[in-house]
Amino acid sequence: MKTVSLADGTRVPVLGQGTWMMGEQAGQRQQEIAALQAGLDLGLRLIDTAEMYADGEAERLVGEAIAGRRDEVFLVSKAYPQNASRARLRHACEASCQRLRTDHLDLYLLHWRGSVPLAETVEAMEALVASGLIARWGVSNLDTDDMVELEQVGGPACMTDQILYNLARRGPEFDLIPWLGRRSIPVMAYSPVEQGRLLGHKVLGRIASEHGVSAAQVALAWLLRRPGVLAIPKAASLAHVRDNRAAMDLELTEDAIAVLERHFPAPIRRQPLEMI
């Protein structure tokens, strides 16, 4: 499994498992658990979740899926911005750990920026590291100006910025991704197939047919070939997780890459960071 290095030297798989919109349907619970477990079997040991997802049910689902296998998992969760204060972050983190059936998180992220000053969030995160409740911390949905401020208020220990990034959302390539790259901060790309909307694109379909793979594999392979990027697609079924894993082994031809670059061009000016 190809890996990417965090700023502290920790290596994590470039392909992980996302859980956004999982844990929402009781009838799908066992299928979703089986998919997460199959992903672990296939080496997708980074699992990303958040206290927001299904009001904590996604964390409970992950906790059930990794029972007895916690040591295999690089476990990531995220805190609401209103909980990212000195007074509230520890309680939020402890609640996430309880739902996840673990005594620590490998990586804890600020989900997006709110009214709590970044300096206070950094202080609260570092306190969690010192206590052993989390091993490291990072952020999500922070644009370049936010990251500059974060660095200025004492955030050089930030391990990642989890952002919306895929073929159709290449805006971060203009300034944010280069800024992160200069500081060895990897990008964690969420919605790497645009919540499935990329799958119906004719160009992706044609390239997929030429390679004998799925459109999702093409979109993921394009993303995974980029340095300093890891992707966290959701896979709620065994077939889906196997399809995602197969993208790791797909080598797009230079012609295919050129076609994708024409139809999904890189940005030529700064664009505000998008969120979904």
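Salt-bridge check for Glu57 with Arg99: failed, with every basic side-chain N at 4.0 Å or more from each acidic carboxylate O. For Arg86 and Glu120, the salt-bridge test passes: some basic side-chain N is under 4.0 Å from an acidic carboxylate O. The existence of a salt bridge linking Glu261 and Arg170 is confirmed by a sub-4.0 Å separation between a basic side-chain nitrogen and an acidic carboxylate oxygen. A salt bridge links Glu151 with Arg183; the closest basic N to acidic carboxylate O contact falls under 4.0 Å. Asp48 has a carboxylate O that lies under 4.0 Å from a charged side-chain N of Lys78, or vice versa, which qualifies the two as a salt bridge. We find that Arg29 and Glu32 are not joined by a salt bridge, their nearest charged nitrogen and carboxylate oxygen being 4.0 Å or further apart. Remark: Arg169 engages Glu194 in a salt bridge, criterion side-chain N to carboxylate O under 4.0 Å. Ion pairing between Arg60 and Asp55 fails under the 4.0 Å rule for side-chain N and carboxylate O. Between Arg70 and Asp106, at least one side-chain nitrogen of the basic residue sits less than 4.0 Å from a carboxylate oxygen of the acidic one, meeting the salt-bridge criterion.
A 4.5 Å side-chain heavy-atom check between Ile232 and Gln162 finds at least one atom pair inside the cut-off. In this structure, Arg69 and Asp41 have side chains that are in contact, with non-hydrogen atoms separated by less than 4.5 Å. Side chains of Leu15 and Leu46 form no contact here, defined as non-hydrogen atoms less than 4.5 Å apart. Two residues are said to be in side-chain contact when any heavy atoms from C-beta on lie closer than 4.5 Å; Leu105 and Leu133 fail this criterion. A heavy-atom distance below 4.5 Å is found between the side chains of Met147 and Val139. Looking at Asn83 and Val116, their side chains never come closer than 4.5 Å, going by heavy atoms from C-beta outward. No side-chain heavy atom of Pro13 sits under 4.5 Å from any side-chain heavy atom of Leu44. Looking only at side-chain heavy atoms (C-beta outward), Gln98 and Glu94 stay at 4.5 Å or farther from each other.
In the hydrophobic cluster analysis, where Ile, Leu, Val, Met, Phe, Trp and Tyr join through side-chain heavy atoms closer than 4.5 angstrom, Phe174 is grouped apart from Phe264. Grouping the Ile, Leu, Val, Met, Phe, Trp and Tyr side chains by contacts below 4.5 angstrom, directly or via other members, places Val12 with Leu224. Hydrophobic clustering, with ILVMFWY side chains joined whenever heavy atoms are under 4.5 angstrom apart, groups Val14 together with Val241. Residues Leu180 and Leu118 share a single hydrophobic cluster, defined by chaining ILVMFWY side chains whose heavy atoms lie under 4.5 Å apart. Linking Ile, Leu, Val, Met, Phe, Trp and Tyr residues whenever their side-chain heavy atoms come within less than 4.5 Å places Val218 and Val229 in a single cluster.
Atom CG of Leu128 sits about 11.0 Å away from atom CD of Glu123, to the nearest 0.5 Å. Interatomic distance, CE of Met275 versus CG of Asn141, reported as 4.0 Å (0.5 Å rounding). Note: Ser140 OG to Ile163 CD1 = 9.0 Å, rounded to the nearest 0.5 Å. Of the inter-residue distances, the one linking Leu107 atom CG with Ile47 atom CD1 reads 13.5 Å to the nearest 0.5 angstrom. How far CD1 of Ile66 is from CZ of Arg45: 12.5 Å, rounded to the nearest 0.5 Å. Here OG1 of Thr144 is found 3.5 Å from CG of Asp175. Values are rounded to the nearest 0.5 Å.
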### Task
Mind running salt bridge (Lys or Arg N to Asp or Glu O under 4.0 Å) on Glu173 and Arg226 for me, showing each step along the way?
CA-CA 11 Å; Glu173 291 178 22; Arg226 308 188 73 82; 3.4 Å; yes
### Message
The test is side-chain contact (heavy atoms from CB on, under 4.5 Å); show your working for Trp20 and Lys234 and say whether it passes.
### Response
CA-CA 7 Å; Trp20 188 17; Lys234 183 191 78 169; 5.6 Å; no
### Task
Let me see the working for Cys97 and Asp103 under side-chain contact (heavy atoms from CB on, under 4.5 Å), right down to the final yes or no.
CA-CA 6 Å; Cys97 285; Asp103 61 357; over 6 Å; no
### Task
Decide side chain to side chain donor-acceptor pair (under 3.5 Å) for Thr10 and Asp8; before the verdict, give the C-alpha distance in whole Å, the side-chain angles of both, and the deciding distance to 0.1 Å.
CA-CA 6 Å; Thr10 302; Asp8 66 353; 2.9 Å; yes
#### Entry: Audit row: Glu59, Ser77, side chain to side chain donor-acceptor pair (under 3.5 Å) steps and yes/no
CA-CA 8 Å; Glu59 289 181 323; Ser77 194; 2.6 Å; yes
### Task
Start with the C-alpha distance between Leu260 and Leu252, add both sets of side-chain angles, then the distance that settles side-chain contact (heavy atoms from CB on, under 4.5 Å), and finish with yes or no.
CA-CA 10 Å; Leu260 290 172; Leu252 297 172; 4.1 Å; yes
### Message
Pair Met21, Gln195 - check side-chain contact (heavy atoms from CB on, under 4.5 Å), show working.
### Response
CA-CA 10 Å; Met21 295 186 290; Gln195 294 183 300; 3.4 Å; yes
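Between the side chain of Glu51 and the backbone N or O of Ala92 there is no donor-acceptor pair closer than 3.5 Å. Counting only distance, with no hydrogens or angles, the side chain of Thr160 and the backbone of Pro186 share a donor-acceptor pair below 3.5 Å. In this structure, His201 contributes its side chain and Val203 its backbone to a donor-acceptor pair below 3.5 Å. Checked by atom type and distance alone, the side chain of Ser237 pairs as donor or acceptor with a backbone atom of His240 at under 3.5 Å. Counting only distance, with no hydrogens or angles, the side chain of Gln31 and the backbone of Ala236 share a donor-acceptor pair below 3.5 Å.
Gly154 and Val122 get closest at one heavy-atom pair: O-CG1, 3.2 Å. Heavy-atom minimum distance, Asn166 versus Pro192: CB-O, 3.2 Å. Taking both residues in full, the closest heavy atoms of Val129 and Ala135 are given as CG1-O, 4.1 Å, listed atom of the first, atom of the second, then distance. Residues Thr121 and Ala84 approach most closely at OG1-O, 2.8 Å, considering heavy atoms. The minimum heavy-atom distance between Leu167 and Ala219, with the atom names listed, is CD1-CA, 4.2 Å. Nearest heavy atoms, Ala124 versus Ser85: CB-O, 3.8 Å.
For the 3.5 Å distance criterion, the side chains of Gln217 and Asn244 fail to qualify, holding no donor opposite an acceptor. Side-chain contact check for Glu126 and Trp137: at least one donor-acceptor pair (N or O, by modelled atom type) lies under 3.5 Å.
Ring orientation note: the planes of Tyr53 and His111 are nearly perpendicular, at an angle over 60° on the 30°/60° scale.
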